[in-house]
Amino acid sequence: MSSQASHGRELAAAFIPAEIEAPLDQKWVDAGYFTADAASTKEPFTIVLPPPNVTGVLHIGHALDQTLQDCLSRMKRMKGFEVLWLPGMDHAGIATQNVVEKQLGSQGKSRHDLGREAFVAKVWEWKAESGGAILDQMKRMGSGVDWTRERFTMDEGMSNAVVSIFKKMYDTGLIYRAERIINWCPRCLTALSDIEVEHSDDAGELVSIRYGEGDSAIIVATTRAETMLGDTAVAVHPEDERYKHLIGSTVEVPLVNRHISIVGDEHVDPAFGTGAVKVTPAHDVNDFEIGQRHNLATIVILDAEGRVIGTNTAFDGMDRADARKAVVEALRAEGRIVAEKRPYIHAVGHCSRCDTTIEPRLSKQWFVKVAPLAQASADAVRNGSVKIEPVALEPRYFEWVDNMHDWCISRQLWWGHRIPVWYGPAGEVVVVGPGESAPAGWTQDPDVLDTWFSSGQWAFSTMGWPDKSADLVKFYPTSVLVTGYDILFFWVVRMMMMSIFAMDGVPPFKTIMLHGLVRDQFGKKMSKSRGNVIDPIEFMDKYGADALRFTLARGANPGTDQALAEDWIGGSRNFATKLWNATRFAMMNGAHVNGDLPAFDSLNDIDRWILSRLNETVAEADSLLESYEFSRACELIYHFAWDDLCDWYLELSKETFASADKASSQRVLGHVLDQLMRLLHPVMPFITEELWCTLTGGESLVTAQWPVADKSQVDKQAEKVVASLQEVVTEVRRFRNDQGLKPSQKIPGRFSGNKDVVSYQSALRSLLKIETSDFTPSATLEIAGTTIELDLTGSIDVVAERARLEKDLATAQKDQKTAEVKLGNEGFMAKAPTEVVVEIRERLAKTTSEIERITAALAALK
RNA sequence: GGGUGGUUAGCUCAGUGGUAGAGCGCCUCGUUUACACCGAGGAUGUCGGGGGUUCGAAACCCUCACCGCCCA
């Protein structure tokens with residue numbers, strides 16, 4: 001054990017993640033490293049955590065999201081920024097209400113049994129007991145958020161902000177109430193916004209129905225036959241020759257015997273079906289618009305729970321699905337079914353919370369007029385004040401903000417921010433802002449606001465808006481938003497709109513960094529039904545948080561999905577173990593960080609080489625991380641650590657560390673590990689902290705300085721020397737292997753030729769098990785200008801050696817031919833850049849001499 | 001139907017004009033005092049098909065096929 005280790009600590013022989021991770025997270029939180037200071041003079045770096053649902057548990061997507069955010073915030077902190085990473089949760093209106101309703105249901109009760117006030121109290125109670133499990137799970141990951149600033153979308157400050165914003169938007173004319181077709185969930189009994197509806201291709205039916213008789217008959221097709229009970233027109237394209245003569249006439253709707261008009265509308269696609277469509281303005285968005293254009297009546301035929309009502313037919317009281325069948329049967333009995341296609345695969349909307357089929361429904365709701373806000377949000381990206389990474393995802397963003405419908409924000413729920421609108425006895429409407437109160441006797445709108453209305457304010461309400469708080473001044477706008485592309489429209493666009501509105505046109509973030517989804521090892525979506533869900537907690541227990549984080553970061557190419565398999569997490573754990581063992585070995589050999597680095601020029605080639613590689617790695621990794629190229633950065637650091645440092649530097653230096661002349665190398669190795677741990681810390685915070693503190697005696701990497709590349713330590717000459725050493729080692733190993741020599745078997749040999757190589761022969765001898773003694777060479781290898789004569793104690797395996805040489809010869813001949821063809825190509829010689837021509841010439845010379853060498857060796861084998 | 005991404009080694013994916021790469025898996029050898037969660041060596045690709053641009057194409061253009069995602 002070296003006396004140089006200044007702190008007297010040793011590393012355990014085996015790396016066990018569980019033993020180091022939990023105490024370290026506690027150490028960081030206790031030290032207050034993650035608590036941001038609004039009074040700091042440092043440049044701010046802000047990230048707001050996309051708030052998970054209060055009902056949520058940590059899934060692999062959160063793990064990825066948080067790994068990337070933690071990685072950025074840790075790096076920026078090390079770079080000297082005042083970092084705020086603000087955590088919190090979303091009250092998740094429908095989801096949370098459903099959870100508590102389900103609980104009540106198991107006791108045979110409904111929310112109506114409790115009444116509104118008691119039910120909401122019950123939800124708060126649930127939150128206190130069971131909500132927010134995800135926050136504890138975040139700690140397990142090492143996510144360095146500022147817990148002192150944790151927020152909840154329903155807490156007092158945010159609720160206050162929600163009311164302020166509502167009033168401000170109402171006063172500006174951006175919020176209005178109107179009767180529209182909205183998405184209605186007949187199970188949740190509430191309106192939903194477009195984004196809360198998920199479309200899937202379902203097997204339905206397409207039924208063609210004949211309306212009217214004889215020459216004036218017209219055939220329409222529908223997937224929802226029951227809606228014909230509410231038809232108030234048939235529409236055709238105004239230029240459609242087949243129907244032109246019918247426009248303006250009327251036709252009778254079967255079963256209800258109502259006469260409706262045939263209208264001409266540009267919206268109708270003459271090529272679809274028969275070119276004639278039935279129009280049900282109360283139950284279809286497009287039909288509603290046609291109805292508006294032609295002043296059609298709207299007839300509501302379904303109640304809130306999706307049952308037929310008010311048609312004065314036998315269908316009244318039937319559920320929509322039953323009614324559909326019954327209506328078709330009745331029509332068939334009348335001989336009006338012209339064609340039926342079953343199954344007919346078409347897109348059907350489902351409630352994103354309970355999967356019930358959505359019913360378009362005419363009802364009075366509150367809306368946000370999005371046009372001006374969406375325009376401003378689009379402009380912010382178009383004019384470059386907000387950047388989207390990767391740029392390739394910009395079109396998706398524009399597709400949305402440029403074609404946005406008004407946003408339905410009222411929900412017929414109890415859990416959420418109640419709409420601050422009060423109605424007077426004579427139908428007066430007033431918005432009651434914070435600190436204000438409604439006149440006595442007025443009643444408040446019963447609905448609550450869409451959850452996204454409050455989470456859309458996450459970037460500024462969490463910092464104290466509408467007060468001009470110190471946090472808001474210091475940390476707004478946020479630096480980067482890290483989130484999956486799947487909620488670009490759900491949340492990101494809403495954040496843009498709300499923030500630009502509330503913060504006088506200043507967008508909520510400078511950069512939107514979008515990552516993809518985590519999928520299973522075959523690229524399939526994870527789902528409970530497939531049984532391919534990877535639980536991050538389970539795998540952190542098994543392999544450590546660092547291993548999970550490294551795997552996720554390494555797989556994170558900008559904007560694209562990644563596949564994940566347990567084996568790969570195991571691979572990352574192996575990497576952590578490698579780092580542990582390498583550091584332990586280094587410390588056993590006296591690696592340390594005391595005093596200045598020896599003068600660069602005084603170092604041997606191997607030390608200069610590893611420093612050179614270190615500085616190249618630092619420079620490149622930094623630039624990759626700054627451009628959100630997590631995968632490439634991880635890949636780069638991984639190969640530097642494992643290949644350059646462990647496989648080559650440590651192996652080539654073992655002789656040095658066993659010699660008296662080791663002082664410089666001990667300091668160099670300490671420095672390389674010190675810098676490597678800093679570089680890896682954002683991705684693998686636990687193991688790097690443990691190793692770095694043990695090696696250097698420092699307090700914490702969290703507050704240590706980020707490495708800066710030193711160009712003066714990049715040494716191409718040393719890299720060339722080591723490349724030659726590597727070539728010699730690899731080729732001799734290959735020769736030994738082909739000759740069937742055991743790895744441990746020592747053989748006599750000598751080196752001559754290339755002075756750089758020969759001067760490191762003691763290291764080579766040790767690596768290649770070549771001993772010095774008098775002998776008669778039975779094999780001679782020529783590698784990198786070096787002659788290596790070996791004694792294989794008698795005869796060598798000629799067949800194996802011939803095979804090896806012939807393989808090398810074939811490769812060399814192929815390369816030679818490629819080079820010759822190029823150099824013989826006039827076009828190439830005339831147009832290719834000089835450096836490429838030079839390179840090919842060198843390649844030709846090299847392959848030619850290789851061929852001579854191998855040919856001679858083959859001849860000598862006989 | 002509109003938009004958009006993809007098709008590279010057995011699997012999952014990097015690679016935006018100059019001799020095809022990684023991880024995992026596979027085969028062979030190995031109890032060398034950091035590490036078997038390891039080391040050494042090895043096999044495996046007409047880079048989806050066709051056409052074009054170029055001295056040169058996995059990469060750029062056109063086209064076809066197939067897969068995916070978002071939206072309607």
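Throughout, protein chains are lettered first and strands after them, A, B, ... in sequence-line order, and every chain is numbered starting at 1. Computed from heavy atoms alone, side chains included, the values below leave out hydrogens, waters and symmetry copies.
- The number of heavy atoms from other shown groups lying within 6.0 Å of CZ (A:Arg841) does not exceed 12.
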Inset, instruction - Would you sketch RNA chain B in dot-bracket for me? Only Watson-Crick or G-U wobble pairs with both distances under 3.5 Å count, crossing pairs as [ ], other-strand pairs as |, the rest as dots. - result: ((((((((.[[[[.)..(..]]]].(((((.......))))).....[[[[[..)....]]]]]))))))).

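- Near RNA chain B, meaning a heavy atom under 4.0 Å from it, residues 539-554 of chain A has A:Arg554 in order of number.
- Comparing B:rC35, B:rG39, B:rU12 by their closest approach to the side chain of A:Asn581 singles out B:rC35.
- With B:rA34, B:rA14, B:rG41 as the choices, the nucleotide that has an atom nearest any side-chain atom of A:Arg733 turns out to be B:rG41.
- Distances were taken from every side-chain heavy atom of A:Tyr638 (C-beta onward) to each of B:rC35, B:rG23, B:rA40; the shortest belongs to B:rG23.
- Using bins of under 30°, 30° to 60° and over 60° for the plane-to-plane angle, the ring pair A:Tyr543/A:Phe539 lands in the parallel bin.
- Not one side-chain nitrogen or oxygen of A:Asn557 sits closer than 4.0 Å to the OP1 or OP2 atom of B:rC13.
- Between A:Lys742 and B:rG30 there is a side-chain polar atom (N or O) within less than 4.0 angstrom of OP1 or OP2.
- To the nearest whole angstrom, the two P atoms, one in B:rG56 and one in B:rG18, are 14 Å apart.
- OP1 or OP2 of B:rU32 has not a single side-chain nitrogen or oxygen of A:Lys654 nearer than 4.0 Å.
- For A:Asn574, taking side-chain heavy atoms from C-beta onward, the closest of the listed nucleotides B:rG23, B:rG18, B:rC37 is B:rC37.
- Comparing A:Asn825 and A:Ala13 along RNA chain B, the residue whose closest nucleotide (by nearest heavy atom) sits nearer the 5' end is A:Ala13.
- Here the nucleotide nearest the side chain of A:His639, chosen from B:rA34, B:rU19, B:rA22, is B:rA22.
- Within the 4.0 angstrom heavy-atom criterion, only backbone atoms of the sugar-phosphate kind lie near A:Asp647; the bases stay farther away.
- Between A:Lys846 and B:rU19 there is no side-chain polar atom (N or O) within less than 4.0 angstrom of OP1 or OP2.
- Nearest-nucleotide positions on RNA chain B place A:Asp643 closer to the 5' end than the other of A:Asp643 and A:Gly570.
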Pick out the pairs of N or O atoms, protein on one side and nucleotides 67-72 of chain B on the other, that lie under 3.5 Å.
residue	atom	partner	partner atom	Å
B:rA72	OP2	A:His199	NE2	3.4

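- Of the residues A:Arg733, A:Gln726, A:Glu731, the one that meets the side-chain contact (heavy atoms from CB on, under 4.5 Å) test with A:Val729 is A:Arg733.
- Of the candidates B:rC38, B:rU19, B:rA22, B:rU19 carries the atom nearest the A:Arg843 side chain, counting heavy atoms from C-beta on.
- Look at the P atom in both B:rC24 and B:rC37: the space between them is 13 Å, to the nearest Å.
- Rounding to whole angstrom units, CG of residue A:Asp567 and P of B:rC13 are separated by 15 Å.
- A:Ser631 has no side-chain polar atom (N or O) that falls below the 4.0 Å cut-off from OP1 or OP2 of B:rG23.
- Comparing B:rC47 with B:rU8, their P atoms are spaced 11 Å from each other, to the whole Å.
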